[in-house]
Amino acid sequence: MPTLATHADPAPSRSIAEAVNRWFAGAARPLPWRAADVSPWAVLVSEFMLQQTQVARVQPRWEEWMRRWPTPADLAAAPPSEAVRMWDRLGYPRRALWLHRAATEIVERHGGAVPRDLDALLALQGVGPYTARAIAAFAFGERHPVVDTNTRRVIARAVGGVAEAGPPATARDLDAMSSLLPDDAAAARAFNAGAMELGATVCTARSPRCDDCPIATHCAWRAAGYPEYDGPRRARQARFEGSDREARGLVMRELRAAHRPVAPRELADVVAEPGRLARAVDGLVADGLAVRVEGGLALPEA
DNA sequence: CATGCGTGGTA
DNA sequence: TTACCAAGCAT
């Protein structure tokens, strides 16, 4: 991420944040976890679900989840298997396990209340630099820089003048956002959310809608004539068809549906290649998503 | 620091 | 159709 010193605007931080916040005040999508009366737990659940997963897929799952487990204690009282089943096909089912674990930790270490402190949040299973700050900022109004992939792209373009953000570097990314962040806590909170929203809906990776951009006049990438990205490319994702990831997903689908141990023979019907099946099962067991029991494989009951 | 980890939408 | 991308995290 290029430094602010290379930019000509003497005070880009103030103008960018102000413009984003003006736009966000009218353009924010009415996402249910942004409602004024939602609990910190509701925000936490949304952030787990939103890790690498789009809003449109998360929303219905989040509604169901909050209806069934409205507090950390409610989820902690359920077996992990039920969390994994409710997670259904949101993807990365480890997150369901992590969320269940985090709920347990919140009950055990924090009396059932989501902690406000950044270090306490970071200590929760499945909570990393992004999620911890998102909870602190959006659930509690704390003034922290929140940096996700959208924000990284917005800053790379508007401030850095380049098309893409390059590989993540947490410390640098947080510094870059900090230098743009308004002093006022409420404005900082809005800017954190607004920068993400801008990246998700306008300053998108594929087809950015620069004509509709509220910070077009501040954008260094635009000023530079939209140069193509020439930095290091992200490693290409392996083909999903025929992959171990796909096999894991197929096995998990069987385990969720079964409500009883699934025999090896049944799994072989789903993943024909023995080697691929074995790697998938071993991996799932290692991750705690599956347990070897009498009669085959099952979801973890504790 | 690079990888592996699900699933589905989009160009 | 294929490839890219998505409110990241743990290892």
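Heavy-atom basis, side chains included; hydrogens, waters and symmetry copies ignored. Residue numbers begin at 1 in each chain, while the letters A, B, ... track the order of the sequences. Bear in mind the structure is a predicted one, so any value in this text is a computation, not a measurement.
Between the base of B:dG6 and the side chain of A:Arg245 there is a donor-acceptor pair shorter than 3.5 Å. Not a single donor-acceptor pair, N or O on each side, falls under 3.5 Å between the base of C:dC9 and the side chain of A:Arg94.
Within the 3.5 Å criterion, the main-chain N or O of A:His144 finds a donor-acceptor partner in the side chain of A:Asn192. In terms of modelled atom types and a separation under 3.5 Å, the side chain of A:Arg14 and the main chain of A:Pro182 share no donor-acceptor contact.
A:Arg236 has no side-chain polar atom (N or O) that falls below the 4.0 Å cut-off from OP1 or OP2 of B:dG4. Taking side-chain N and O atoms only, A:Arg206 has no distance below 4.0 Å to OP1 or OP2 of C:dA6.
When heavy atoms are screened at a 4.0 angstrom cut-off, A:Pro93 is found touching the sugar-phosphate backbone but no base atom. A:Pro168 comes within 4.0 angstrom of nothing in the nucleic acid, heavy atoms only. Among the atoms of the strands shown, only primed sugar atoms or phosphate atoms (P, OP1, OP2) are found under 4.0 Å from some heavy atom of A:Val127. At the heavy-atom level, A:Ala205 lies under 4.0 Å from the strands shown only through sugar-phosphate atoms. Among the atoms of the strands shown, only primed sugar atoms or phosphate atoms (P, OP1, OP2) are found under 4.0 Å from some heavy atom of A:Thr149. Residue contacts shown for A:Arg133 are absent, as no nucleic acid heavy atom lies under 4.0 Å away.
Counting heavy-atom neighbours within 6.0 Å of A:Arg101 CZ, excluding the residue itself, gives a total of 12 or less.
Along DNA chain C, the nucleotide closest to A:Trp98 and the one closest to A:Arg29 are compared, and the more 5′ of them pairs with A:Arg29. Residues A:Leu289 and A:Ala235 both approach DNA chain B. Their nearest nucleotides, taken by heavy-atom distance, put A:Ala235 toward the 5′ side. Looking at which nucleotide of DNA chain B each of A:Ala169 and A:Ser207 is closest to, the 5′-most match is held by A:Ala169.
For C:dG8 and B:dC1, the C1' atoms lie 15 Å apart once the distance is rounded to whole Å. Of the P atoms belonging to B:dG4 and C:dA7, the separation is 23 Å, rounded to the nearest Å. Nucleotides C:dT11 and B:dT7 place their C1' atoms 23 Å apart, quoted to the nearest Å. Nucleotides B:dG8 and C:dC9, compared at atom P, are 23 Å apart to the nearest Å. Separating the P atom of B:dT3 from that of C:dC4 is a span of 15 Å, rounded to the nearest Å.
Separating the CG atom of A:Leu121 from the P atom of C:dC9 is a distance of 12 Å, rounded to the nearest angstrom. Between the P atom of B:dG6 and the CD atom of A:Glu254 lies a distance of 16 Å, rounded to the nearest Å. Atom CZ in A:Arg233 sits roughly 17 Å away from atom C1' in B:dA2 (whole-Å rounding). One atom, CE of A:Met252, and another, C1' of B:dT7, lie 13 Å apart when rounded to the nearest Å. Residue A:Arg101 contributes atom CZ, which lies 13 Å from atom C1' of C:dC9 at whole-angstrom precision. The CG-P distance, from A:Asp88 to B:dT7, rounds to 9 Å in whole Å. Spacing between atom CG of A:Leu31 and atom C1' of C:dA7 amounts to 10 Å, rounded to whole angstrom units. Taking atom CD of residue A:Gln237 and atom C1' of nucleotide C:dT2, one finds them 13 Å apart after rounding to whole Å.
Of the candidate nucleotides C:dA7, B:dG6, C:dA3, C:dA7 has the atom nearest to the side chain of A:Asp148. Closest contact between the side chain of A:Arg89 and the listed nucleotides C:dC5, C:dA7, B:dT7 involves B:dT7. Distance from the side chain of A:Gln125 is smallest to C:dA10 among C:dG8, C:dC5, C:dA10. Comparing C:dA6, B:dC5, B:dT7 against the side chain of A:Asp244 picks out B:dC5 as the nearest.
For A:Phe48 and A:Trp98, the distance between ring centers is not under 6.0 angstrom. For A:Trp69 and A:Trp41, the distance between ring centers is not under 6.0 angstrom.
The salt bridge (charged side-chain N to carboxylate O under 4.0 Å, His left out) with A:Asp88 is formed by just one residue from the set A:Arg95, A:Arg61, A:Arg57; it is A:Arg61.
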Sequence neighbours left out, cut at 3.5 Å: what donor-acceptor pairs do the side chains of residues 289-297 of chain A make with other protein atoms?
unit_1	atom_1	unit_2	atom_2	d
A:Arg292	NH2	A:Asp282	OD1	2.8

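Salt bridge annotation for A:Asp287-A:Arg248: present, with a cationic side-chain nitrogen under 4.0 angstrom from a carboxylate oxygen.
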Would A:Asp148 and A:Thr151 count as a side chain to side chain donor-acceptor pair (under 3.5 Å) here? Give the steps.
CA-CA 5 Å; A:Asp148 78 330; A:Thr151 296; 3.2 Å; yes

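Contacts of residues 42-71 of chain A with DNA chain B (heavy atom under 4.0 Å): A:Gln52, A:Thr53, A:Gln54, A:Arg57.
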